[in-house]
Amino acid sequence: MSAWVLPDHIADVLPSEARHIEELRRGLLDTARCYGYELVMPPLMEHLESLLTGTGEALDLQTFKLVDQLSGRSMGLRADTTPQVARIDAHLLNRKGVTRLCYCGPVLHTRPDRPHATREPLQFGAEIYGHAGVEADLEALQLARECLRIAEVRDTTIDLADVRIVRNLLAGVTVGPQLLSAIHAALAAKDAQELGALTRDFPAESREGLLALLQLYGDSSVLVEAEKALRRVSGVLEVLSNLKWLASRLEGATVTFDLADLRGYAYYSGARFAIYARGASDALVRGGRYDEVGAVFGRNRPAAGFSLDIKQVVSVVPPRALKAAIRAPWGEGADVHAAISELRSAGETVVCVLPGHGSEVDEFHCDRELVQVAGRWVVQAV
C-alpha cells in the first residue's frame, strides 16, 4: 500500500474547500458571540471515564481508544464535544444562573455516522445551561437557524419531536433495556406489526398510544391529532403545547413533526429538533434539551443546545467566491515593501510573484496588480 493513501473516510481538505470551511467557522463563532455565547476549547483527548460516563456511554463504539504513555491510563479521542462542555460548566466555571458556551473543533469517529460521511467532522455547537423553560429551547433553535443562514443554506425544514411523549406512555410499565431498544427501533421504522407484537402485554393505554405515534408525523395538524389520541396520557398535553409554542415562534420556517422519532432518546430529555436542507442526505443540525448531561459531573441542571458538522454544511452549499486579490512584483526596495504592507494592513490579499513564476496561475486569480507609475506604487486593474 502506498504511504500516501489515507484511511477510509479520512481526507485532506484542499485550498478552496479549506478556505470555505475556515470562513464559515469564523462566521459561526462570530454569530454565537453576538448571542452572548462564550467560546471554550476542550482537549481532543481525555481519560475514558470522563468521556464515556453517563450520557457519553452511547459514544463508546464511536470513540478511538489509546493508552497514555505518561500515566498508563486509558484515554479516548473525543467523538462528541457536548459532554466535555458539560464538564466545563459543572466543574471549571460552576456559575450560578444562565451560562452560554460555544465550541468548534474536530471530533473523531471510529465509523462514519452516515453514508459518505467523514470520520473527522469539524463540530460546531452551542449550549445554554441554567434555564429549564422553553425559552432556552427556542434560543437554541433560533441560533441554529441563524448559523445556517450565515452558511447560505437554503430551503430548510425543521423537524420537531419530544422524547417525553414516549417516556410518559411507558411510565409505570416495566421495560428492560433490550425491549426498550426494540420498541424504539420499531417506532423509528414505523413498523406497526413489530410494535404491536412487542407491546402485546402492555396496558391498553400505553399500547394504543405507542401505535398511534406511527401515524403522527407531518405538518402542524399532527399536534391536533396527537391531542385527541393521547389526551388521557399524563403530561403529554403539556409537551404538545410546548411543541406548538416553539413552532409558532419560528417565523418563516417550514416546520414538521414526527412524534415517533426517537433518535438520541438516551441523550435527550425533552424537545429535540433536526434541520434538513435540500441536497443533504441527512440532517445538517441536531439539537434539543438534554438536562441530564451534567449529572455525571455532579451538577444536574437544565441544558439545551445543538451541533453541526461544518464540513457537511460546506458540502451542500455553493462554493464562495474568492475575495479579489492583488498581484505584486517581487522586490527588495523599501518603497514596494511599504506599499504591499499598507495594502495588507487594509485587509487586501497581496500575492508577490517570485522571480521566474510570473505566468503561473494560483487560486486567487488576481484581478489587480501593483505597478509603479511616475515613481509611485499604485493598484491597477489587470
Side-chain angles (χ1 to χ4, degrees), residues 7 9-13 17-18 20-33 35 37-46 50-52 55-64 75-89 100-129 140-141 143-148 150-151 153 263-264 267-268 272-277 280-290 293-294 303-317:
H9 301 281
I10 297 291
D12 294 309
V13 181
E17 185 179 3
H20 194 169
I21 288 171
E22 175 59 15
E23 289 176 356
L24 181 53
R25 184 191 69 85
R26 296 179 193 178
L28 297 183
L29 289 174
D30 288 345
T31 301
R33 186 182 65 228
Y35 276 66
Y37 287 74
E38 300 172 273
L39 178 64
V40 292
M41 297 180 178
L44 182 61
M45 180 174 65
E46 284 198 45
S50 176
L51 282 179
L52 302 181
T55 55
E57 290 176 354
L59 300 174
D60 187 16
L61 294 178
Q62 279 285 54
T63 300
F64 280 100
M75 309 285 279
L77 300 175
R78 67 178 179 220
D80 182 24
T81 313
T82 297
Q84 295 182 296
V85 178
R87 174 181 55 75
I88 289 173
D89 173 68
R100 293 177 172 88
L101 302 174
C102 66
Y103 59 86
C104 188
V107 296
L108 290 169
H109 294 165
T110 56
R111 295 175 179 272
D113 60 6
R114 61 183 184 281
H116 311 297
T118 177
R119 290 194 290 164
E120 189 187 11
L122 182 58
Q123 189 181 49
F124 168 84
E127 325 282 343
I128 179 169
Y129 298 92
L141 254 170
L143 178 54
R145 290 184 69 195
E146 182 64 11
C147 286
L148 291 184
I150 292 295
V153 177
R263 277 172 290 192
Y267 182 73
Y268 293 110
R272 51 145 295 275
F273 62 86
I275 305 181
Y276 298 85
S281 60
D282 197 8
L284 292 181
V285 179
R286 292 194 184 277
R289 178 162 289 280
Y290 29 82
V293 70
F306 69 91
S307 66
L308 58 83
D309 174 14
I310 294 181
K311 291 180 179 179
Q312 182 193 13
V313 173
V314 164
S315 73
V316 300
V317 297

Flag the pair L308 / V285 as yes when at least one side-chain heavy-atom distance between them is below 4.5 Å, and no otherwise.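 Touching, per the 4.5 Å side-chain cut-off.
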
> Considering only heavy atoms from C-beta outward, does the side chain of V153 approach that of V313 to under 4.5 Å?
Replying inline: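 Contact flag for V153/V313 side chains = yes.
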
Sequence-distant partners of [X], salt bridge (charged side-chain N to carboxylate O under 4.0 Å, His left out), two or more places apart:
{"X": "R100", "answer": "E139"}
{"X": "E146", "answer": "R149"}
{"X": "R119", "answer": "none"}

Non-neighbouring partners of [X] that pass side-chain contact (heavy atoms from CB on, under 4.5 Å), sequence neighbours left out:
{"X": "M41", "answer": "L39"}
{"X": "A126", "answer": "Y37, C102, L143, F306"}
{"X": "R25", "answer": "E22, L29, C104, I310"}
{"X": "T118", "answer": "E120, P121, D309, K311"}

First locate atom [atom1] of [X], then atom [atom2] of [Y], and finally report the distance between them rounded to the nearest 0.5 Å.
{"X": "L44", "Y": "L77", "atom1": "CG", "atom2": "CG", "value": "5.5 Å"}
{"X": "L59", "Y": "D80", "atom1": "CG", "atom2": "CG", "value": "5.5 Å"}
{"X": "T81", "Y": "L101", "atom1": "OG1", "atom2": "CG", "value": "12.5 Å"}
{"X": "L141", "Y": "F273", "atom1": "CG", "atom2": "CZ", "value": "4.0 Å"}

Looking only at atom types and distance, does a side-chain atom of [X] sit under 3.5 Å from a main-chain N or O of [Y], one as donor and one as acceptor?
{"X": "E127", "Y": "V85", "result": "no"}
{"X": "Y290", "Y": "A303", "result": "no"}
{"X": "R78", "Y": "P43", "result": "yes"}

Please name the pair of heavy atoms, one in [X] and one in [Y], separated by the smallest distance, quoted to 0.1 Å.
{"X": "S307", "Y": "Y103", "answer": "CB-OH, 3.5 Å"}
{"X": "I275", "Y": "A144", "answer": "CD1-CB, 4.0 Å"}
{"X": "T63", "Y": "G76", "answer": "CG2-CA, 4.1 Å"}
{"X": "A277", "Y": "L284", "answer": "CB-CD1, 3.7 Å"}
{"X": "Y276", "Y": "R286", "answer": "OH-NH2, 3.9 Å"}
{"X": "L122", "Y": "P106", "answer": "CD1-N, 3.7 Å"}

Pair Q84-R87, side-chain contact (heavy atoms from CB on, under 4.5 Å): steps then yes or no: CA-CA 5 Å; Q84 295 182 296; R87 174 181 55 75; 4.2 Å; yes

Mind checking side-chain hydrogen bond (donor to acceptor under 3.5 Å, both in side chains) for [X] and listing every partner two or more places apart, or none if nothing turns up?
{"X": "Q312", "value": "none"}
{"X": "D30", "value": "R33"}
{"X": "R289", "value": "D137, D291"}
{"X": "E38", "value": "R95"}

If you look only at distance, which donor and acceptor atoms sit under 3.5 Å apart when one is on a side chain in residues 110-117 and the other is two or more places apart or in another chain?
| unit_1 | atom_1 | unit_2 | atom_2 | d |
| --- | --- | --- | --- | --- |
| T110 | OG1 | L61 | O | 2.4 |
| T110 | OG1 | Q62 | OE1 | 3.3 |

